[in-house]
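This report refers to the structure that appears directly beneath it.
For clarity, every value in this text was computed on a predicted model and none was experimentally measured. First listed ligand is number 1; within each ligand, the first listed atom is number 1. Side chains are part of it too, since the values below use all heavy atoms of this structure and drop only hydrogens, waters and symmetry mates.
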Amino acid sequence: MTTTHSSATTIPAEYQASAIEPQIQNDWATRQVFKVADQVEGKHRYILSMFPYPSGKLHMGHVRNYTIGDVISRFYRLKGETVLQPMGWDAFGLPAENAAIAHQVAPAKWTFENIDYMRNQLKSLGLSVDWDREIATCTPEYYRWEQWLFVQLYKKGVIYRKLSTVNWDPVDQTVLANEQVIDGRGWRSGALVEKRDIPMYYFRITDYAQELLDDLDQLQDGWPQQVLTMQRNWIGRSEGMEITFPSADPSIYADGLSVYTTRPDTLMGVTYVAVAADHPLAKKASELKPELVAFIEECRHGSVAEADLATVEKKGMATGLFVTHPVTGEHVEVWIANYVLMSYGSGAVMAVPAHDERDFEFANKFGLPIKQVIDAKGADDADFDATQWQEWYGSKNGTLINSGEFDGFTFQAAFDALIAKLEPQGQALKKVQFRLRDWGVSRQRYWGCPIPMINCASCGQVPVPEDQLPVVLPTDVVPDGSGNPLAKMPEFYQTTCPSCGADAKRETDTLDTFVESSWYYARYASPDYTDGMIKPEAAASWLPVNQYIGGVEHAILHLLYARFFHKLMRDEGVVQGNEPFSNLLTQGMVLADTFYREDASGKKTWFNPADVELERDEKSRITAATYKGDGQAVVIGGQEKMSKSKNNGVDPQSIIDQYGADTARVFMMFAAPPDQSLEWSDAGVEGANRFLKRVWRLTTTFLEKGNTSQDIDGANLSKEAQDLRRKVHETIAKVGDDIERRHAFNTAIAAQMELLNSITKFEAKDDNDVAIAREAIVSLLTMLAPFAPHLSQTLLAQFGIDLTATLFPEVDASALTRNTQTIVVQVNGKLRGKLEVAVDIAKDDLLAQAKALPEVQQFLTGPTKKEIVVPNKLVNLVV
Ligand code: ANZ
Ligand code: ZN
């Protein structure tokens, strides 16, 4: 296993990261040790951390994310596998446009400068990345294939165009993203935001809803349960019934009103029906009842977020129109209600105030009747308590009451009976409904991938022919915040119709940036491929990603869109398999202390931890804090996620500059398990640095002695040597398992710290001992390599070992077996002595030796009444 490497140079006695890290990184780059081919044979693995947005500089969240990915990548390389770990940039998006407006710099220039800076930062972290595969999603070489896929999907009907509502700033004449609307006003102009209907492109993700749900089962073992649940809820499958209430006023409107319900068993409890403000029936009613117009308008300004609808203050108006109850034939009034969504089901509900909480609230507010039809608690309404509404009335498990012919039925019996009764008349239909909506991808923004469509006056929407792709986004543009600059550039939008040859206008909308991040993982397999999205051999070699790592904030949208894209690309023959990411690790947040002062108006000013002087108690809890600038007290705000808004970010660069990347990496991995929050602590960083210094000193001290013996004579080991060797091999087993199976990097490091202590205490007395110590140190340095690669590579070289070619140490099972064991000796249950005996000692021998111990004998005042032996553990003598 040991290869002699002649290049070992002498190294300083003290650890100094800045003296070794740049050289080691240089060595990796010149020898291209992390470069992999598009096509691989043998054991291989694809490890991917979510790529960054090039915002300007790295933050601690990035450092944590990329260190986790790198530890896993380096571990598998040490296991002899070929590992692909790529890196790139999620380079389109709004911040670049905002920076452009603020500093008059083209988004392209701003983005590429940020990329250059951040690339250097990432390199200084010592990541084992194949930099030849770097991609930036804002380059035509990348987005050309996104446009190609768009065209294929448009032709297939997976992408379609329809009107949809956007936020419109009437002063800036521009569409605003939701986050640019603050208290109903445009973020720059302060103008009241209006809603506008404009045509947009949509991905028919709802066609894949069932598959996206079903395939979550394939991820059961590899993804966090929490993320699977979030995905399931977001897709939101429900089974129910569409019921039609015939019109009671056929002269006014002929068709009945269809509602979607998951509780048809409550049909006999319907006391009104309600439609969304933009339901056609609402419009019809407003023609007869003008006071509805203002109300409908008011509803349109409200939030369209579904989460808000359950809790929003209930608003409504009666329309004066009626429908007929499909079973009783009674007239039921139609209301317009702000809690009914047009985009769900049929945009209308049959309201059952007794058993639906929203209807209950609404009915109470407007004095509508409430009729109980399910007997859930076996009691009447007498002790009804609104705070226990759900428990009382929300249940599907009661039987029907007050329901005529259905009395006594269960949920399922009522469901079946209603289908049997109403389906033949076309008044009921079983229906599966998804909460998931189609994905609108049009953005009226400049810094994004151009949508490859042409609008022709006579042909309508025509896709850009493949041989004219890519539609290149001009990069020398400085947006000023008013409208989309592309719409003001005839040189961009003027074109001819591919279909009829007439003058036509290019689409000036760009794609949602979630589109780029939905397939970058696949592009990394062959980033320079020019004949398609992914080279087929590369896709076959590298996909799916074996381990994906990223923030839990992407648990829903990004991961759902990427899963969807994988299926789209599969159906296009570009990739195989159904899922893009076999295993997912969601890393926890990085927290840091916060400090602030509050002025008279309640406005808080936040102070960066670096500018605050602390006092701590003996448990190192913060007891007092003062601002270094003026020596006056600041309020201690507790640990919070590092963020600009709380000014509690610690700049990773300052840690790297002061201690080196290896210390930053070891601290991050040691401070918490990867999926938990990590509390930033300067003391923790120093502790990590001290650990590395000790490893350095241990190694240099060993080397100074000029020790060379490498051959272990296993048969003739002292007890101390045996113990150390056992510790080494136990640690190897534990660290391997901690990294690979448990992802418990923190305990993997803790075990190495323990091993360091054991080696430090060990005194080598002969050649055999030297060989044991050498094995221990080399094993420790190799196990440490995924965490502190620069230090490991430097020190291993002193033993003639090349880290980039060596393997993770193997567990020697023979080292794990113990020849002797420690037995505790008690008299009357009290600890009196300890014995070191052979593991296979006979019981009589053991008892005799225990009784013979001088420290035990003084307590054996009479004959023993009882002698208890717990094998391998203890002897208890009762007198
Ligand atoms: C009557 C009823 C009685 C309902 C009852 C629930 C409880 P899930 O399960 O999430 O799919 N609903 C239907 N369409 C709606 C819309 N466009 N906007 C708002 N609410 C709508 O939700 C289905 C239930 O949500 C449906 O079942 C309907 O209310 C309501 F005791 O019908 B239910
Ligand atoms: Zn045309």
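Checked against a 6.0 Å centroid threshold, the rings of F362 and F366 count as neighbours.
When the options I374, D359, V273, D356 are ranked by their closest heavy atom to atom 4 (C) of ligand 1, first place goes to D356. Taking each of D265, T261, L267, L341 in turn, the one with a heavy atom nearest to atom 2 (C) of ligand 1 proves to be T261.
Proximity to M350 (heavy-atom distance under 4.0 Å) selects the following atoms of ligand 1: 1 (C), 32 (O). Those atoms of ligand 1 that come under 4.0 Å of a heavy atom in V340, given as number and element, are 16 (C), 17 (N), 18 (N), 19 (C). Against a heavy-atom cut-off of under 4.0 Å, T262 is close to the following atoms of ligand 1: 9 (O), 11 (O), 23 (C), 24 (C), 26 (C), 27 (O).
Taking the Zn ion (ligand 2) as the corner point, the angle from C497 atom SG to C500 atom SG is about 110° (rounded to 10 degrees). The Zn ion (ligand 2) lies at the vertex of an angle of 110° between the SG atom of C459 and the SG atom of C456 (rounded to 10°).
Not a single N or O atom of V352, backbone or side chain, sits closer than 3.5 Å to an N or O atom of ligand 1. Any N or O atom pair closer than 3.5 Å counts here, and H355 shares no such pair with ligand 1.
Using a 4.0 Å cut-off between a side-chain N of Lys or Arg and a carboxylate O of Asp or Glu, E572 and K156 qualify as a salt bridge. The pair D183-R185 fails the salt-bridge criterion, with no side-chain N (NZ, NE, NH1 or NH2) lying under 4.0 Å from an Asp/Glu carboxylate O. Between K430 and E242 there is no salt bridge, since no side-chain N of the basic residue sits under 4.0 Å from a carboxylate O of the acidic one.
By the 6.0 Å and 45° rule, K567 does not stack over the aromatic ring of Y208. Under a cutoff of 6.0 Å and an axis angle of 45°, K396 and F411 form a cation-pi pair.
In this structure, S238 counts as a contact residue of ligand 1, since one of its heavy atoms falls inside 4.0 Å of the ligand. Using 4.0 Å as the threshold, Q433 has no heavy atom nearer than that to any atom of ligand 1.
At a 4.0 Å heavy-atom cut-off, ligand 1 touches R358 through the side chain alone. If you look at T266 next to ligand 1, the close heavy atoms, those under 4.0 Å, all belong to the side chain.
Side chain to side chain, S238 and Y260 meet the donor-acceptor criterion of an N or O pair below 3.5 Å.
Between Y202 and Y160, the ring planes are parallel. Angles under 30° get that label, and only those over 60° would be called perpendicular. Between F565 and F203, the ring planes lie tilted relative to each other; the angle falls in the 30° to 60° range.
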